[in-house]
Amino acid sequence: RAPARAGGDPMADILNACRDPATCTVPVINCCEELSAVVGREQRSPDSEQLHVEARHTQATRNVVDVEAEEAYFRRLEAASRLAREEERRQEKEEKERTQQEKKEQAERLEAKEAARKERDLVAAFLRVHEYDHVNAKKRIRWFKYRYPLHEAVETNDPTVVALLLRAGAEKGLKDSSGRTPAALALKKDKNGSHEQVLEVLKLQPGN
């Protein structure tokens, strides 16, 4: 193969040298490699090199942006997950408190119901023992003598029964055959504070 002329076109020299396969003694693969090297040198002009640098810089910038975007995405995802967990814990706490409050209220209702039942039983037992039909029933004790359940409770000096009768609807303004209210009877019966508790209940407990 003839050597390339100084100052000539390297690519043209290679092509001219390889134009006649019969006279070319350089292997084809060497020609191709040399041709590629020439093409590469010609393509790597200052402008193309600058473009190549700018392209690498642009790609690097894009990579940085992609990484930052990915990191921001995972931060948002983590924040959303944290908020979801906090909301779940808050709901669980509220549900637990609501359940506890319901159980407490139910226990209080049952307790109040049981207390009311016991009070009714005590009142019923008192009325039955002393032969009264209801809390305001009048019972004749002698020819012209009569009294009411409250007077009976005052006679027995039982402040608990007095309070239960009042809560059950007994009227503390009813008068016995002697014209005495339960309070007046308690004052008559009181000796050195013996009926003080009964008087206190009659004074504080609401009733007619």
Side-chain angles (χ1 to χ4, degrees), residues 69-208:
E70 184 176 2
E71 290 177 350
Y73 167 77
F74 282 110
R75 284 196 298 271
R76 291 194 301 270
L77 187 63
E78 182 180 357
S81 178
R82 183 176 63 256
L83 290 176
R85 290 193 301 271
E86 291 176 355
E87 177 65 17
E88 183 178 0
R89 286 194 295 268
R90 184 188 66 80
Q91 292 181 359
E92 289 177 352
K93 181 180 178 182
E94 289 182 354
E95 179 64 19
K96 183 178 180 180
E97 291 175 350
R98 184 183 65 80
T99 302
Q100 291 176 345
Q101 182 65 23
E102 288 178 353
K103 289 182 178 179
K104 179 181 178 182
E105 291 175 356
Q106 184 179 9
E108 290 175 350
R109 287 193 298 268
L110 291 174
E111 184 178 353
K113 186 177 180 180
E114 181 64 16
R117 184 191 64 78
K118 289 181 179 180
E119 287 187 2
R120 289 194 302 269
D121 290 346
L122 289 172
V123 171
F126 177 84
L127 295 176
R128 184 171 58 254
V129 167
H130 295 281
E131 300 178 344
Y132 289 97
D133 294 333
H134 53 81
V135 295
N136 289 314
K138 181 168 67 173
K139 184 180 76 171
R140 191 173 298 279
I141 54 179
R142 280 194 295 271
W143 288 99
F144 300 104
K145 297 289 185 179
Y146 62 85
R147 59 187 171 200
Y148 297 90
L150 269 179
H151 293 86
E152 197 79 51
V154 170
E155 286 281 355
T156 59
N157 195 18
D158 193 336
T160 300
V161 174
V162 171
L164 292 177
L165 288 170
L166 288 171
R167 283 201 291 270
E171 298 178 13
K172 58 184 179 181
L174 294 175
K175 298 179 180 181
D176 62 8
S177 56
S178 299
R180 297 170 300 193
T181 63
L185 179 61
L187 284 172
K188 182 177 183 298
K189 292 284 183 179
D190 184 57
K191 303 298 181 184
N192 298 321
S194 61
H195 284 63
E196 183 179 357
Q197 291 184 349
V198 168
L199 286 168
E200 190 70 17
V201 171
L202 288 169
K203 178 181 178 181
L204 298 178
Q205 195 76 13
N208 297 324

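Just so it is clear, the values below take in all heavy atoms, side chains as well, and ignore hydrogens, waters and symmetry mates. Keep in mind the model is a prediction, meaning the values are calculated, not measured.
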(message) If you define the side chain from C-beta out and look only at heavy atoms, does anything of E88 sit under 4.5 Å from E92?
(response) yes

Only one of S178, P182, S177 passes side-chain contact (heavy atoms from CB on, under 4.5 Å) with R180, and that residue is S178

Exercise. Within a strict 4.5 Å, meaning less than it, do heavy atoms of the R167 and L164 side chains meet?
Worked result: yes

Inset, instruction - Indicate whether the side chain of E87 and that of Q91 have a donor and an acceptor atom separated by less than 3.5 Å. - result: yes

Residue K139 excluded, over 12 heavy atoms near NZ under 6.0 Å: yes

OH (Y148) and NZ (K138) are apart, to the nearest 0.5 Å, by 4.5 Å

| said: Looking at V123, is its backbone amide N or carbonyl O close enough to the side chain of R120 to form a donor-acceptor pair, meaning the two atoms are under 3.5 Å apart? | reply: no

For E152 and F126: C-alpha separation, side-chain torsions, deciding distance, then whether side chain to side chain contact (heavy atoms under 4.5 Å, CB included) applies.
CA-CA 10 Å; E152 197 79 51; F126 177 84; 3.9 Å; yes

On a heavy-atom basis, the closest approach of N136 and A170 is OD1-CA, 3.4 Å

Rounded to the nearest 0.5 angstrom, the CZ-CD distance for R109 and E102 is 8.5 Å

Shortest non-hydrogen pair, A186 vs L202, comes out as CB-CD1, 4.4 Å

Between the NZ atom in K103 and the CD atom in Q100, the distance rounded to the nearest 0.5 Å is 7.5 Å

inquiry  = Working note: E105 + Q101, criterion side chain to side chain donor-acceptor pair (under 3.5 Å); need CA distance, chi angles, decisive distance, verdict.
reply    = CA-CA 6 Å; E105 291 175 356; Q101 182 65 23; 3.1 Å; yes

- Item | Cationic N near anionic O, under 4.0 Å, E78 to R75 | no

Closest heavy-atom pair, K172 versus T181, reported as atoms and distance to 0.1 Å, is O-CB, 3.9 Å

For A153 and V162, the nearest pair of non-hydrogen atoms, with its separation, is CB-CG2, 3.6 Å

Between the OG1 atom in T99 and the CD atom in Q106, the distance rounded to the nearest 0.5 Å is 11.5 Å

Using 4.0 Å as the upper bound for N to carboxylate O, is an ion pair formed by R117 and E114?
yes

task: Dump the intermediate steps for side chain to side chain contact (heavy atoms under 4.5 Å, CB included) on N157 and K189, then the final yes or no.
output: CA-CA 9 Å; N157 195 18; K189 292 284 183 179; over 6 Å; no

Can you list the steps and then say if L150 with L174 is a side chain to side chain contact (heavy atoms under 4.5 Å, CB included)?
CA-CA 9 Å; L150 269 179; L174 294 175; over 6 Å; no

> Are any of the side-chain nitrogens in E86 or R90 under 4.0 Å away from the carboxylate oxygens of its partner?
Replying inline: no

Nearest heavy-atom approach of H151 to L185 is O-CD2, 3.7 Å

In terms of heavy-atom contacts, D190 and E196 come closest through OD1-N, 3.7 Å

Considering residues, nucleotides and ligands other than E119, do more than 12 of their heavy atoms fall under 6.0 Å from its CD? yes

dist D158:CG -> L122:CG (nearest 0.5 Å) comes out at 9.5 Å

